[in-house]
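Computed from a predicted model, the values in this text were never measured in an experiment. Just so you know, residue 1 is the first one in the sequence shown, and it goes up from there.
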Amino acid sequence: MFRFNFCKIMTISTACIMLSACTATYNPNLTPEQNRQNQRDAQYNNTLGTGALAGTALGALVGGLAGGKKGLLIGSLSGAALGAGTGYMVADRTQNQQRTEDQLNQQIAAAHQIAMTAQADAQQAAQQVDAAQKQLATLNQQIASKKITTAQYKRQLANIQKTSANLNNKINYYSAQSKQMQQYATISQDPRFSQEAQQTDEAVNRLKYAESVLATGMGAQPSSYTPTRG
């Protein structure tokens with residue numbers, strides 16, 4: 001009689017475990033993120049349920065061998081509780097790992113966006129500096145031939161100086177971002193952060209070059225222009 005009950009419990013438990021291993025089906029009406037979350041929820045529930053059912057089967061085996069029908073019942077209940085606890089620990093750890101992985105991917109995506117923006121700003125800076133150099137050449141020619149006044153020259157030069165200041169701000173910002181990416185790379189041991197930092201550093205070097213060219217151009221002022229101080 002005990003053998004029949006035990007086999008019956010084992011058969012039912014095994015069937016339940018197999019059924020609980022099913023994953024959530026893909027729903028075309030949901031977003032990819034929603035479908036991914038459904039899959040994870042299903043995995044969490046499956047892990048929790050599988051632990052409880054496996055614990056029930058193991059507890060029934062041990063309890064039945066030790067104490068017949070009474071031991072079978074007690075073993076099943078205690079095994080289910082222990083199995084559920086173990087399943088919860090595994091499911092919770094898996095869920096935390098997935099959450100950490102999501103956060104890591106989000107940080108990498110943010111780092112990639114910063115690197116791409118830095119590259120775009122560096123490209124734009126090259127164009128801005130080229131235009132500023134042409135403007136400086138025209139201004140120097142105009143003031144040398146006295147076609148514009150010193151006040152007019154100063155106003156135009158102030159706009160170019162704003163461009164230089166803006167470039168310096170971007171250099172400082174992207175340099176700080178690159179440093180932070182390298183710190184993340186060290187902490188996470190993920191080389192993708194280092195790759196994004198390298199791309200950002202390349203953009204910073206281009207920005208520095210553009211700013212130095214602009215600063216050189218602004219320093220080559222005609223002798224007829226005397227900047228006022230204060």
Trainee: A side-chain contact here means heavy atoms from C-beta on lying under 4.5 Å apart; do Leu136 and Leu157 qualify?
Mentor: yes

Trainee: Can you tell me how far CD of Gln177 sits from CD of Gln180, rounded to the nearest 0.5 angstrom?
Mentor: 5.5 Å

Trainee: In Å, rounded to the nearest 0.5 Å, how long is the span from OG1 of Thr163 to CG of Asn168?
Mentor: 11.5 Å

Trainee: Taking the side chain as every heavy atom from C-beta outward, state whether Asp121 and Thr117 have any pair of such atoms under 4.5 Å apart.
Mentor: yes

Trainee: Which pair of heavy atoms, one from Ala122 and one from Ala203, lies closest together, and at what distance?
Mentor: CB-O, 3.7 Å

Trainee: Would Lys170 and Glu211 satisfy side chain to side chain contact (heavy atoms under 4.5 Å, CB included), going step by step from the backbone distance to the final call?
Mentor: CA-CA 10 Å; Lys170 289 182 178 180; Glu211 196 282 327; over 6 Å; no

Trainee: Nearest heavy-atom pair of Gln123 and Arg206: which atoms, and what distance?
Mentor: OE1-NH2, 3.2 Å

Trainee: Within the supplied structure, the quantity of interest is the number of heavy atoms (other residues, nucleotides, ligands) at a distance under 6.0 Å from Gln141 CD; does it exceed 12?
Mentor: no

Trainee: What donor-acceptor contacts under 3.5 angstrom involve side-chain atoms of residues 187-200, with partners at least two apart or in another chain?
Mentor:
residue, atom, partner, partner atom, Å
Ser188, OG, Tyr184, O, 2.7
Ser188, OG, Asp190, N, 3.3
Gln189, NE2, Thr186, O, 2.7
Asp190, OD1, Arg192, N, 3.0
Asp190, OD1, Arg192, NE, 3.1
Asp190, OD2, Arg192, NE, 3.4
Asp190, OD2, Arg192, NH2, 2.9
Glu196, OE1, His112, ND1, 3.3
Glu196, OE2, His112, ND1, 3.1
Gln199, OE1, Gln119, NE2, 3.4
Thr200, OG1, Glu196, O, 2.8

Trainee: Using modelled atom types only, decide if a donor and an acceptor are shared between the side chain of Asp130 and the backbone of Ala126 within a distance under 3.5 Å.
Mentor: no

Trainee: Any side-chain heavy atom of Leu167 within less than 4.5 Å of one from Val129?
Mentor: yes

Trainee: Within this structure, what is the CG-CG distance for the pair Asn166 and Leu214, rounded to the nearest 0.5 Å?
Mentor: 11.0 Å

Trainee: Same cluster or not: Ile108 versus Ile114, using hydrophobic residues (I, L, V, M, F, W, Y) connected whenever any side-chain heavy atoms lie under 4.5 Å apart?
Mentor: no

Trainee: So, for Gln156 and Leu139, which heavy atoms are closest and what is the spacing to 0.1 Å?
Mentor: CB-CD1, 3.4 Å

Trainee: Side chains of Thr216 and Val213: does their closest heavy-atom pair fall under 4.5 Å?
Mentor: no

Trainee: Any side-chain to backbone donor/acceptor pair from Ser145 onto Gln142? Under 3.5 Å, distance only.
Mentor: yes

Trainee: Measure the shortest side-chain to side-chain distance between Gln182 and Lys179 over non-hydrogen atoms and say whether it is less than 4.5 angstrom.
Mentor: no

Trainee: Membership question, hydrophobic clusters at under 4.5 Å side-chain separation (ILVMFWY): are Tyr209 and Met218 in the same one?
Mentor: yes

Trainee: As an exercise, state the distance from CG of Leu207 to CG of Asn169, rounded to the nearest 0.5 Å.
Mentor: 11.0 Å

Trainee: Side-chain donor-acceptor pair under 3.5 Å between Tyr174 and Asp201, yes or no?
Mentor: no

Trainee: Applying side chain to side chain contact (heavy atoms under 4.5 Å, CB included), run through Ile160 and Ser164 and close with a yes or a no.
Mentor: CA-CA 6 Å; Ile160 299 176; Ser164 178; over 6 Å; no

Trainee: Identify whether Met181 and Leu104 are in the same connected component of the hydrophobic contact network (ILVMFWY, side-chain heavy atoms under 4.5 Å).
Mentor: no

